[in-house]
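As structure tokens, the structure follows; a few thoughts come after it.
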Amino acid sequence: MEVKNEDRQHKFDKHYLEMAAIWAKNSYCKRRQVGALLVKDKMIISDGFNGTPSGFENQCEDENDTTKPYVLHAEANAITKVAKSGNSSEGATLYITTAPCIECAKLIIQSGIERVVYAEEYRKSEGIELLKRAKIEVENFKDDEVQ
């Protein structure tokens, strides 16, 4: 029985999202842990999770349980990490456990990422709307599809 390319891609998407969910566990954030993987030519070229910048304390929330303003989102961490490595994200797919906010959507567009696959909805939809406006392919996996 021949496996269709769509079925194969769906399987890869699911597995990469599951890996992003595992990567999210590296985050010290209490309110929400988010993981991201950048994949190009079936290779992981970068990864990220939400947290404070390098060299800062590993505490995302202040004493009022509010997220500190300098906490980086998982997608921003993955994009800046690939830029620092000298690799190119042009034409890559970004797998993230939560849909991107509008600020991360801008970074995604500017970095040449062509496809975004995510599991959970974000509280605001502007990021997804901006990606679609930029003709970036966006796919939402339902929460129950990803372990």
So that I can tick it off, tell me whether Arg133 and Glu129 are bridged by a salt bridge, with the cut-off set at under 4.0 angstrom between side-chain N and carboxylate O.
no
Does Lys81 pair with Asp47 as a salt bridge, N-O distance under 4.0 Å?
yes
Can you tell me how far the [atom1] atom of [X] sits from the [atom2] atom of [Y], to the nearest 0.5 Å?
X      : Y      : atom1 : atom2 : value
Glu18  : Tyr95  : CD    : OH    : 12.0 Å
His15  : His10  : NE2   : NE2   : 9.5 Å
Cys104 : Ile109 : SG    : CD1   : 11.5 Å
Thr80  : Leu107 : OG1   : CG    : 8.5 Å

Can you tell me how the ring of Phe49 sits relative to the ring of Trp23, calling it parallel under 30°, perpendicular over 60° and tilted otherwise?
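Ring orientation, 0 to 90° scale: perpendicular.
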Search all heavy atoms of [X] against all heavy atoms of [Y] and return the closest pair with its distance.
X      : Y      : answer
Arg32  : Glu121 : NH1-O, 4.2 Å
Met19  : Leu37  : CB-CD1, 3.6 Å
Leu38  : Ala92  : CD2-CB, 3.7 Å
Arg115 : Ile136 : N-CG2, 3.9 Å
Cys60  : Tyr28  : SG-C, 4.1 Å
Glu75  : Cys101 : OE2-N, 4.1 Å

Is any side-chain heavy atom of Lys124 closer than 4.5 Å to one of Ile102?
no
For residues Cys29 and Glu61, determine if any side-chain heavy atom of one lies less than 4.5 Å from a side-chain heavy atom of the other.
yes
Does Met43 offer a backbone N or O that forms a donor-acceptor pair with the side chain of Asp41 under 3.5 Å?
no
Transitively linked via ILVMFWY side-chain contacts under 4.5 Å: Val116 with Phe12?
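No, Val116 does not connect to Phe12 through the hydrophobic network.
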Given Lys40 and Ser88, is the side chain to side chain contact (heavy atoms under 4.5 Å, CB included) satisfied, shown in steps?
CA-CA 9 Å; Lys40 185 174 177 180; Ser88 171; 3.9 Å; yes
